[in-house]
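In what follows, a structure is listed as structure tokens, so that the remarks can point back to it.
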Protein chains: 2
Amino acid sequence: MPEYDFQLNLKNLFPAALWEHPDQEIVYREISRYQLKEFYDRVGRLASALSEIGVKPGDKVAVLDWDTNRYMEAYYAIPMMGAILHTVNIRYPPELIFYTMQHAEDKYVIVNDEFLPLLEKAANLFGFIKGWVIHSDTNKDVKTSLYNSYGYEDLMESQEPYDFPDLNENTTATIFYTSGTTGLPKGVTFTHRQLVLQATANALIGTKAPFHLNEKDVYMSLVPMFHVHSWTMPYFILLTGNKYVLPGRFDIKRILELVKKEHITYSFMVPSILYMILTHPEIESYAKYLDGWKVSVGGAALPKGLAQMAQKFGIYTIGGYGLSETCPVLTTSVFNRKVLDMKSEDERIDYRISTGLPLPFVNLRVVGTNGKDVAWDGSSIGEIIVRAPWLTKGYYKDEEKTAELWKDGWLHTGDLSVVDSLGYLHIVDREKDAIKSGGEFIPSLLLENIISLMPGSGEVAVVGKPDPKWGERPVVFLTRKGNLDAATVRGYLEEQVQLGRIQKWWIPDEIIFVDSMPKTSTNKIDKKELRKKL
Amino acid sequence: MPEYDFQLNLKNLFPAALWEHPDQEIVYREISRYQLKEFYDRVGRLASALSEIGVKPGDKVAVLDWDTNRYMEAYYAIPMMGAILHTVNIRYPPELIFYTMQHAEDKYVIVNDEFLPLLEKAANLFGFIKGWVIHSDTNKDVKTSLYNSYGYEDLMESQEPYDFPDLNENTTATIFYTSGTTGLPKGVTFTHRQLVLQATANALIGTKAPFHLNEKDVYMSLVPMFHVHSWTMPYFILLTGNKYVLPGRFDIKRILELVKKEHITYSFMVPSILYMILTHPEIESYAKYLDGWKVSVGGAALPKGLAQMAQKFGIYTIGGYGLSETCPVLTTSVFNRKVLDMKSEDERIDYRISTGLPLPFVNLRVVGTNGKDVAWDGSSIGEIIVRAPWLTKGYYKDEEKTAELWKDGWLHTGDLSVVDSLGYLHIVDREKDAIKSGGEFIPSLLLENIISLMPGSGEVAVVGKPDPKWGERPVVFLTRKGNLDAATVRGYLEEQVQLGRIQKWWIPDEIIFVDSMPKTSTNKIDKKELRKKL
């Protein structure tokens with residue numbers, strides 16, 4: 001075989017990127033700013049440093065960090081040397097951090113010094129870790145009680161760039177953990193090929209309405225880097241060549257400052273971050289910098305009320321959908337011809353905030369309990385099942401759950417959706433969050449969306465409460481602005497029944513006002529916690 | 001292995017495309033106009049029809065056709081059923097058509113009735129063909145003396161769509177023949193994966209300047225479908241969702257009519273087609289429809305004079321480069337930051353018409369005779385060698401030439417290039433067209449470019465003439481407008497020497513005016529023919 005067998009691995013993204021846009025900027029807050037060619041040099045030297053302390057192909061290397069340039073260096077260096085990057089969920093409680101690192105069999109750790117106290121406290125549990133590489137935003141020497149610890153920059157300083165191997169594309173590149181509603185977190189792994197193809201598809205949709213991205217856009221992912229590869233933005237910027245900004249620890253004021261200073265125009269985030277941005281006390285003083293910011297919202301449904309709040313500032317929200325198990329992106333709300341032909345943005349908004357349409361290469365079905373694809377009628381509910389080039393092969397060391405996930409050769413998302421007459425998906429519930437009342441589903445996400453549109457309502461969550469007669473009945477939790485009361489909410493919902501938007505029996509039995517919503521480690525509303533309160 | 005092992009095959013492009021843009025239009029002149037969902041149905045029924053007459057996985061099926069919707073149906077149906085599409089070069093003389101079909105071991109043929117006379121005349125030679133599927137733009141019954149012949153539409157009419165197998169992505173999808181300057185044509189093959197990844201990369205550059213394509217663009221490839229997959233435009237429209245127009249037999253007047261009527265905004269073509277368009281007697285009457293037409297020019301260098309002629313009509317030309325062996329695209333003249341920062345289009349044009357920058361995933365080197373990468377100095381000449389996910393594995397049934405092509409694990413293009421200080425490639429010669437005078441290369445493409453800028457000059461070709469003293473000396477052939485004479489050309493070239501643009505010893509010894517240029521079957525200027533004249 002004289003020909004070269006080209007592999008879709010992360011290393012192979014670099015030659016064209018370094019040739020086309022060696023001066024692409026990568027910015028970490030006000031702390032670091034360099035160009036792609038320097039980034040690549042640092043990636044090579046980081047790999048040499050890791051190799052020197054003993055990291056071998058196949059070893060798992062954990063990272064505990066905010067969204068820094070060093071995290072991004074690790075995103076490439078670790079997989080490209082054939083090791084496996086474990087993006088540790090730093091929002092987990094310490095015992096789960098320990099559990100996931102032990103379950104993954106991590107051997108080395110790269111850690112931001114802000115997380116040292118947490119690790120030092122449990123040092124005796126981490127006997128399986130062979131070395132700790134520590135960095136600090138202050139660039140000062142860090143003192144630690146952890147054995148075998150090294151300074152990130154010290155270790156890199158004298159290194160030559162690593163001679164990266166030409167890895168088979170099916171080599172595992174990453175592992176991270178995803179929380180179920182019950183039980184311990186489950187590990188999912190992804191290969192180089194999966195990352196490259198997911199990144200490619202995410203770059204590809206940039207030509208489509210309403211994205212219409214080009215080389216002048218400035219990207220900043222506000223999905224933390226421990227959360228499903230920050231939706232691969234740190235990878236696909238090598239294909240698009242855009243300036244990329246890393247926000248560090250999420251601080252809304254600082255995010256607003258970065259949007260202003262670095263002229264951010266394209267971001268990923270979950271709805272809660274968008275909500276925090278829009279309700280920040282100083283938001284008005286940033287208004288002119290927010291105009292034109294395109295925001296892909298995923299991780300949870302994008303409520304229409306939130307999209308409208310965003311629109312007041314010229315922030316253009318676009319829905320999307322995926323799971324930890326799917327790398328993650330499966331759908332985005334690009335505009336098809338029928339939506340493009342609509343006369344106004346008011347008509348388009350319902351599609352723009354929807355779950356959207358399948359990404360290129362995604363073979364998606366919505367399957368009813370009868371095993372058949374549901375009609376595109378906007379009301380028939382089915383489970384989303386998928387095939388795509390970037391779905392996890394399964395849960396790490398859990399054959400049973402893997403078999404459930406991949407029943408009949410389709411990845412079962414556990415998400416319930418309808419498809420409207422134009423082909424747009426609208427998720428109505430997580431299967432496990434679904435409320436079944438009198439034998440029928442009550443679509444909690446649809447109810448939440450409608451309540452979010454009511455003046456004075458803030459964040460909204462509808463959950464099921466056990467009911468002796470109906471099995472379950474819906475209860476709504478919400479935050480409020482001003483003096484909204486339960487009677488007003490009930491009156492509003494009765495109007496919606498009159499307007500034919502909801503069924504009378506969907507109206508929640510209880511309306512509970514809260515000061516703030518409990519959140520999961522990835523900043524989604526924690527319905528499990530809410531159900532506990534009932 | 002419970003998970004689904006997703007393959008990058010052509011079939012897997014359809015689910016997302018059919019979901020997102022089932023109403024995408026595919027237009028063949030005024031003869032056929034339908035939407036993607038109908039196209040897919042026809043692809044399925046064509047495969048069933050082919051299966052019924054005996055086509056099996058691995059069989060080669062030849063197509064002899066102009067650029068029609070039925071050719072495009074064959075582009076998908078044949079590879080998707082596991083058979084191999086042979087895109088026969090209909091511009092070859094009959095004996096080469098026969099040679100390539102026999103060498104490829106074609107078993108079945110789909111043929112436009114316009115090519116029947118050619119085949120019928122040599123019917124006795126085609127004993128290896130088991131069946132002929134004939135179609136006609138007139139849709140009338142076609143009479144033929146060929147045995148085992150079937151009507152395309154008759155055969156399809158009663159079929160159910162084929163149940164396409166889930167092919168391994170490394171299954172061979174296509175074969176076609178490429179002419180060398182000497183010897184018989186050589187066959188190159190491409191796999192499903194190669195087509196899908198080349199199509200993806202071509203779609204991906206749409207976000208970049210100066211392309212900036214979106215869903216409103218209307219695509220028409222003016223690269224014939226027998227010529228390197230029409231540069232994969234018939235494939236990547238499934239990813240982008242754009243309206244696609246097929247021009248049939250190339251007729252410049254008809255092409256201009258299609259640009260006007262279908263509002264074409266994006267095309268591929270070789271320079272000669274662009275030249276024919278721009279010099280068409282009725283061009284002025286189409287001027288307003290040409291404004292804004294983006295044209296990627298490849299297959300041969302894009303002369304600056306031609307780019308400027310095009311610009312007068314608002315046609316925006318963009319350079320690109322590839323070979324039959326490379327699927328084909330390797331580079332395009334996207335704008336990097338330094339070019340974007342230039343003040344005017346006048347400055348940018350030299351980059352826009354250049355060979356360009358490597359496409360995503362392309363690992364490209366320009367290697368001097370010392371085996372080292374040349375400096376980015378605009379003058380050091382080296383051969384372009386490449387690695388990419390879509391390069392042919394080799395020449396069909398020719399191990400020796402395959403080994404030459406893939407020497408040391410890099411595909412050797414045989415093209416000589418410099419790299420300027422901004423990283424743009426500028427091909428200065430085909431290795432085999434290179435003129436070596438007194439031991440030094442004379443860059444014929446650069447000379448041609450400069451002569452093309454002279455008022456009154458038309459198409460230009462510089463070739464080497466054997467010379468007892470210098471080895472070779474350059475001779476220029478050119479077509480002219482008005483009464484340009486040799487003394488004027490010589491005077492102009494001497495000025496260019498004064499301006500430091502060329503070397504004195506590069507000035508051609510002979511200046512030969514011709515009425516028209518000989519062309520190859522792919523409409524490039526045939527330098528082999530010109531050399532014969534000397």
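We name chains A, B, ... by the order of the sequence lines, and we start the count at 1 in each one.
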If the threshold is 4.0 Å, N to carboxylate O, is there a salt bridge linking Glu25(A) and Arg337(B)?
no
Can you say whether Leu425(B) sits under 4.5 Å from chain A via the side chain, the backbone, both, or neither, judging by heavy atoms?
side chain
Residue from Thr402(A), Leu340(A), Ile205(A), Asp217(A) scoring the most non-hydrogen pairs under 4.5 Å with chain B is Leu340(A)
Between Thr240(A), Leu18(A), Asn12(A), which has the largest tally of heavy atom pairs under 4.5 Å with chain B?
Thr240(A)
One option among Phe335(B), Trp410(B), Phe6(B) has the most heavy-atom pairs under 4.5 Å with chain A, and it is Phe6(B)
Looking at Thr207(B), Val334(B), Leu13(B), Asn363(B), which makes the most heavy-atom pairs under 4.5 Å with chain A?
Thr207(B)
Quick one: does Thr232(A)'s side chain have a donor or acceptor within less than 3.5 Å of a partner on Tyr235(A)'s backbone?
no
So which of Leu422(B), Leu391(B), Val362(B) has the biggest tally of heavy-atom pairs under 4.5 Å with chain A?
Val362(B)
Measure distances from Asn242(B) to the heavy atoms of chain A and classify the residue's part below 4.5 Å as side chain, backbone, both or neither.
backbone
Below 6.0 angstrom between ring centroids: does that apply to Tyr266(A) and Tyr219(A)?
yes
Minimum side-chain heavy-atom gap Tyr321(B)-Thr326(B) below 4.5 Å:
no
Any luck finding a side-chain donor-acceptor pair between Tyr395(A) and Glu400(A) under 3.5 Å?
no
Which heavy atom of Leu239(A) sits nearest a heavy atom of Lys208(B), and at what distance?
O-NZ, 2.8 Å
With a 4.5 angstrom heavy-atom cut-off, which part of Glu399(B) approaches chain A: side chain, backbone, both or neither?
neither
Tell me, side chain or backbone of Leu213(B) under 4.5 Å from chain A's heavy atoms, or both, or neither?
backbone
Under 4.5 Å between any side-chain heavy atoms of Leu330(A) and Trp390(A), yes or no?
yes
Chain B: which of Ala201(A), Gly394(A), Pro389(A), Ala209(A) shares the most heavy-atom pairs with it under 4.5 Å?
Pro389(A)
Using a 3.5 Å distance criterion without hydrogens, assess whether the side chain of Lys243(A) forms a donor-acceptor pair with backbone atoms of Val218(A).
no
Interface moiety of Leu197(B) toward chain A, non-hydrogen atoms closer than 4.5 Å
side chain
Chain B contacts, top residue of Ala17(A), Pro360(A), Ala388(A), Gly241(A) (heavy-atom pairs, under 4.5 Å)
Ala388(A)
So what's closer than 4.5 Å to chain A heavy atoms on Leu8(B): side chain, backbone, both or neither?
both
Hey, are the side chains of Thr172(B) and Tyr396(B) touching, using non-hydrogen atoms and a 4.5 Å cut-off?
no
Centroid separation under 6.0 Å, is that true for the rings of Phe14(B) and Phe164(B)?
no
Among Ala203(B), Pro358(B), Ala403(B), who wins on heavy-atom pairs under 4.5 Å with chain A?
Pro358(B)
Let me know if Glu169(B) has heavy atoms under 4.5 Å from chain A in its side chain, its backbone, both or neither.
side chain
Between Thr331(B) and chain A, with a heavy-atom cut-off of 4.5 Å, which part of the residue counts as in contact: side chain, backbone, both or neither?
neither
Which residue out of Gln7(B), Arg365(B), His21(B), His212(B) racks up the most heavy-atom pairs below 4.5 Å with chain A?
His212(B)
With chain B, which of Lys407(A), Lys216(A), Gln24(A), Arg193(A) has the greatest number of heavy-atom pairs at distances under 4.5 Å?
Arg193(A)
Chain B shares the most heavy-atom pairs under 4.5 Å, among Leu364(A), Leu411(A), Leu405(A), with Leu364(A)
Quick one: does Trp406(B)'s side chain have a donor or acceptor within less than 3.5 Å of a partner on Tyr4(A)'s backbone?
no
Between Trp376(B) and chain A, with a heavy-atom cut-off of 4.5 Å, which part of the residue counts as in contact: side chain, backbone, both or neither?
side chain
What I'd like to find out is whether the side chain of Met80(A) reaches to under 4.5 Å of the side chain of Leu167(A), using heavy atoms alone.
no
